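Nothing here was measured: the structure is a model prediction, and the numbers come from that model.
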Amino acid sequence: QVQLVESGGGSVQAGGSLRLTCAVSGDNYSPASMAWFRQYPGKGREGVAYIDSLGRYTYSANDVKGRFTISVDKDESTVHLQMNSLKPEDTAMYYCAADPYQKSGLLWPNEDQWNTWGRGTQVTVSS
């Protein structure tokens, strides 16, 4: 059974940076797709960034383009989300997601497309 464990969340001031890490573990499991989602209180999860297992294809939500970068380290079985120029509106719970199938640019932001989730890590950005 695959497990996803997020780390790296915390509290920063606006303009600061954080690097989130998602560690993937599980016998003989190599997801084809990985993504980061975030969730505001009372809302559903929204896609932040996507990457395929080889790092060939990436997608990002419009409001994080140029600020957030997703990357994969297959040797370490980890996926990272480098978040720069953080804004108060980036404050949310951030979740790592994995799936055995590749996703298109249209489908990846839909949380229903993902079958494995981590427990999340909180990011708080103060003004």
Distance-minimising heavy-atom pair for [X] and [Y]:
X: Met34; Y: Cys96; result: CE-SG, 3.5 Å
X: Ser126; Y: Pro88; result: C-CG, 4.5 Å
X: Arg38; Y: Ala92; result: CB-CB, 3.9 Å
X: Glu6; Y: Arg119; result: OE1-N, 3.1 Å

Backbone of [Y] reached by a side-chain donor or acceptor of [X] within 3.5 Å:
X: Asp73; Y: Ser77; answer: no
X: Asn110; Y: Leu107; answer: no
X: Thr124; Y: Thr91; answer: no
X: Ser17; Y: Asn84; answer: no
X: Tyr59; Y: Pro109; answer: no

Notebook entry, point to check: Looking at side-chain heavy atoms only, is the closest gap between Gln113 and Trp108 below 4.5 Å?
Noted result: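 The answer is no, as the side chains (C-beta and beyond) never meet within the 4.5 Å cut-off.
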Item checked: Note, Gln82 side chain near Ser71 side chain (heavy atom, < 4.5 Å) -> no
With a 4.5 Å cut-off on side-chain heavy-atom distances among I, L, V, M, F, W and Y, is there a chain of contacts connecting [X] to [Y]?
X: Val24; Y: Val72; result: yes
X: Leu4; Y: Leu20; result: yes
X: Met83; Y: Met93; result: no
X: Leu86; Y: Val48; result: yes
X: Phe68; Y: Tyr50; result: no

Check: Does Arg45 make a cation-pi contact with Trp36, if we ask for NZ or CZ under 6.0 Å from the ring centre and within 45° of the axis?
Finding: no
Next item on the list: Supply the atom-to-atom distance His80 NE2 to Ile51 CD1, rounded to the nearest 0.5 angstrom.
Entry: 10.0 Å
Notebook entry, point to check: Any salt bridge between Asp52 and Lys103, counting N to O under 4.0 Å?
Noted result: no
Next item on the list: Mind running side chain to side chain contact (heavy atoms under 4.5 Å, CB included) on Tyr40 and Glu46 for me, showing each step along the way?
Entry: CA-CA 9 Å; Tyr40 300 107; Glu46 62 178 45; 3.7 Å; yes
Next item on the list: Would you check, one step at a time, whether the test side chain to side chain contact (heavy atoms under 4.5 Å, CB included) holds for Ser33 with Trp114?
Entry: CA-CA 9 Å; Ser33 296; Trp114 299 84; 3.6 Å; yes
Item checked: Plane angle bin for Phe37 and Trp117 - parallel if under 30°, tilted between 30 and 60°, otherwise perpendicular ->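 Correct class here is perpendicular.
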